[in-house]
Amino acid sequence: MFEITAREDFSDVTYLLEIEHPMLAKAARPGQFVVVISHERGERIPLTIADFDREKGTVTLVIQAVGKTTLEMQQSCEKGTRLFSVVGPMGLPTEIGEYGKVVCVGGGLGVAPVFPQLRAFKESGAYVIGVVGFRNKELIFWEDKFKEYCDEFIVCTDDGSYGIHGLVTAGLEKAIEEHSDIDEVLAIGPPIMMKACAETTRPHGVKTMVSLNPIMVDGTGMCGGCRVNVGGKMKFGCVDGPDFDAHKVDFDELLLRLSRFVPKEKKALEKWQKECRIQQQADRLVEQQTTH
Amino acid sequence: MAQQPKTIRTIPQDRTAMAEQDPEVRVGNFSEVALGYTEEQAALEAERCLMCTDPECITGCPVEIDIPGFIQKICDKDIRGAYDIMMKDNLLPAICGRVCPQEVQCEIVCTVADTLEPVAVGRLERWLGDVAVKEGWTSVPYIEPNGFKVGMVGSGPASITCAADMAKAGCEVIVYEAFHCPGGVLRYGIPEFRLPNDVIDAEIQNLTRLGVKIECNTLVGRLFTIEQMLDELGFDAVFIGTGAGYPSFMRIPGEALNGVMSANELLTRVNLMGAGHFPEYDTPLNLGKKVAVIGSGNTAMDAMRVSLRLGAEKVYCVYRRSRIESPARAEEVEHAEQEGVEFHWLTAPVEILGDEEGNVHAMRNIRMELGEPDDSGRRRPVPIEGSEYEFEADMVVYAIGTNANPIIGQTSKIKLNKWGYIDADDNLATSIAGVYAGGDIVTGGATVILAMGAGRQAARSMKAYLGITDSDTVYRPETKKMDGKLFGIDAGQKNFSRVHLAQV
């Protein structure tokens, strides 16, 4: 169970894992996520389903190594290894309705999670404009995969090494300027990016949905740890979302709540890095011994 | 066996005390507080049962355990016999003995309680359950497979009880659990010092010995729906025991601050994910030095006592009514008081205050007084004007109740009632044929024993639906009057058209 059937590294921080789970692949719908525990003492982390193959029976996750758990997984998850627990699909599936024209915006890590929706919109007959943003040219991934399903494809890089020189909001603005008939914008990425996209579309009155990423524990609606403020009402990101109306989301509150474990995260990371260093030293010593 | 009938004067007068960990010691560990009876203590307490001819304790019990029956066997030193009697009605004695509110169920109607302290039924039940676990006893009868396949959604007390009954009737049973570990609220909600994981594991193992399969990491509703279970996955009947774990908040200012969480989040992080052992376990918990818990039910008591054990310097209980109205089990309130929780009765929070970094640093409350009773019959708390006051706190935990988990409602056409719980009739049948529901998802947050009772009721209904007749339905000894019976034979058994007369 939960065997990793493929591993790909897009950069030294972003990696892809393909997991064998036929029932999950069959049930997964765009916009949903899974909760993963990598080992028995691990924590539960939500990861958006970046792709699914119902015939092959696999589900794809694209992960950014930012903290102890994702760094550890980057080190230990190879083809053939297993995760301790993968459960889902969770969350309400994205509403793909009958739209004429949509813009799907993915920033950084958000590029992978926006793919299933983008593909679903295209398959439903909509005109799809894909906008993706990366820090620089080296970090770009899935360009061909996106182009296959986009009528227009806009790439932005922070340093201008490829495509539009600017943040992903620059690409979004370009799309809005050129198309006055956009039905919906879907934006996924770091909260600051989603907030910026919301502010970009607000003056134009374009319906904008975002996929929120609060800290979660169970993912099934029983703890309230992922609660977000949407239009003054309290919603749980895991069962009422993860998609919400971007113009109603209180992003400041989301950012505050996302930072509540920063000291603990730092402590966990330092401990793990220290253990890695010790392990490396031990390995080196063993190597020296054996070469003597 | 002939002996003088017992009277209130001949039985041991004092209720046999049960050893407990010392309060000062136990706030530093997660080991069990109540240490259970020894064999001698159990024998002594069993002598206190008067063996009433019309035992009210049986009807006081939500699953009608034959209490005098098993106690008599303990007196007769037939412990295995006592266990067999217990197991006819209660499949989880080691659990129920620890968490049932016996003081409002069997013990409150005990005849002995008219004069002395009631017979400690709960403690005897727990002792019996523990002996069974230690000896590795199971009552696994010969089971004849009947070809039916039934599914349980959730692996909490309602589902595992229903699963055991259906397995004994010969069905193939699969229990689905969303978490990575079975037990439901027994595991994530009730802390180790009240209900050790070993006990839960032993009871779950009994289930697997009956042939029940438990599949964790399976979120029914999303991985597959209830309808798919019946249409595609080959299930003949389904029981839904998903619980009521959607926590309530108060919507007062400050709820988004760092340090505010529901009791479910606190308990899940600690009990299920090992947050008390961070960083050996990856799940963190920001434990405060001064913890305020809002509410005074069992969940609130658990949250308070867990906080103490994790190192909180001060733990406050803030409850808008008084101690008498507290819905928690009496023993839990006593233990919390002994452990040093500071109770602010007749107090309700008004605002949670934070510092510039967004961390909780105080809570403002208002004093309450009790006015007229509300719909639940309890006196309604009314704020006292101008009585607001603040105290310092760096963690605030909400334990004010829960609502129905929404996932089954979101993914199925099953009928819900106006509060979002699953609509079930007296037989626990839902609006979908073959689908039954019980426990908190039907009633709202309640107790383990009620969930178990619902699991048994649903099993009876499911067997009737599937057309399975088994020993439980036909030969179940009736403790009430002979309604619906002819010469002690269940009127439902319409197999007889002739009664053979004895030849004289």
Side-chain angles (χ1 to χ4, degrees), chain A residues 1-2 21 23-24 26-29 32 34-35 37-45 68-69 72 84-93 217-225 227-229 232-234 236 239-240 250 252-254 256-257 259-265 267-268 270-272, chain B residues 177-181 185 188-189 215-219 221-225 228 242-249 251 255-269 272-275 277-286 354 357-359 398 402-407 410-411:
Chain A
M1 271 228 94
F2 316 131
H21 198 323
M23 285 198 93
L24 183 55
K26 186 162 162 256
R29 301 207 353 232
Q32 292 185 305
V34 293
V35 163
I37 310 179
S38 65
H39 58 84
E40 212 180 336
R41 294 178 171 208
E43 53 167 346
R44 297 173 68 90
I45 62 170
K68 190 253 179 182
T69 297
E72 193 179 35
F84 179 68
S85 157
V86 176
V87 60
M90 292 173 168
L92 295 170
V217 185
D218 59 298
T220 59
M222 56 75 82
C223 85
R227 60 189 187 278
V228 290
N229 186 341
K233 293 204 174 73
M234 186 181 72
F236 286 8
V239 290
D240 300 316
D250 184 341
D252 293 332
E253 188 180 295
L254 175 64
L256 172 69
R257 286 183 55 72
S259 67
R260 68 191 192 266
F261 285 113
V262 163
K264 289 277 191 307
E265 289 162 3
K267 186 174 168 193
E270 280 167 7
K271 174 177 180 276
W272 181 74
Chain B
E177 167 56 51
F179 271 136
H180 49 283
C181 195
V185 74
Y188 74 74
E215 291 186 16
C216 293
N217 300 301
T218 305
L219 182 61
R222 294 259 168 241
L223 190 63
F224 47 80
T225 62
Q228 278 174 308
T242 47
Y246 187 102
S248 299
F249 288 86
R251 310 303 287 131
E255 269 175 11
L257 291 165
N258 175 12
V260 181
M261 68 186 81
S262 71
N264 270 359
E265 184 180 345
L266 169 64
L267 294 170
T268 303
R269 282 180 185 272
L272 184 68
M273 305 305 297
H277 301 285
F278 177 87
E280 278 75 39
Y281 281 76
D282 289 340
T283 304
L285 174 74
N286 290 331
E357 269 113 60
N359 300 318
Y398 279 76
T402 54
N403 297 305
N405 188 285
I407 292 179
Q410 284 172 342
T411 55

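Numbers restart at 1 for each chain; the letters A, B, ... are given by sequence-line order, proteins then strands.
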Under 4.5 Å from any heavy atom of chain A - which part of [X]:
X: B/Leu267; result: neither
X: B/Asn286; result: both
X: B/Pro406; result: side chain
X: B/Phe224; result: side chain
X: B/Thr411; result: neither

Chain B heavy atoms under 4.5 Å from [X]: which part of the residue, side chain, backbone, both or neither?
X: A/Thr220; answer: both
X: A/Val217; answer: side chain
X: A/Leu92; answer: both

Inset, instruction - Kindly assign one of parallel, tilted or perpendicular to the pair A/Phe236 and B/Phe249, based on the angle between their ring planes and the thresholds 30° and 60°. - result: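 Judged by the thresholds at 30° and 60°, the geometry between A/Phe236 and B/Phe249 is perpendicular.
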Legend entry - Contacts of type side-chain contact (heavy atoms from CB on, under 4.5 Å), residue B/His277, not counting sequence neighbours: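 Residues passing side-chain contact (heavy atoms from CB on, under 4.5 Å) with B/His277: B/Tyr281.
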Legend entry - All side-chain contact (heavy atoms from CB on, under 4.5 Å) counterparts of A/Arg257, not counting sequence neighbours: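 If we apply the side-chain contact (heavy atoms from CB on, under 4.5 Å) test to A/Arg257, skipping adjacent residues, the hits are A/Arg227, A/Glu253, A/Arg260, B/Ala256.
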Legend entry - Short N-O contact, B/Asp282 and A/Arg41, less than 4.0 angstrom: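 Looking at B/Asp282 and A/Arg41, the cut-off is not met.
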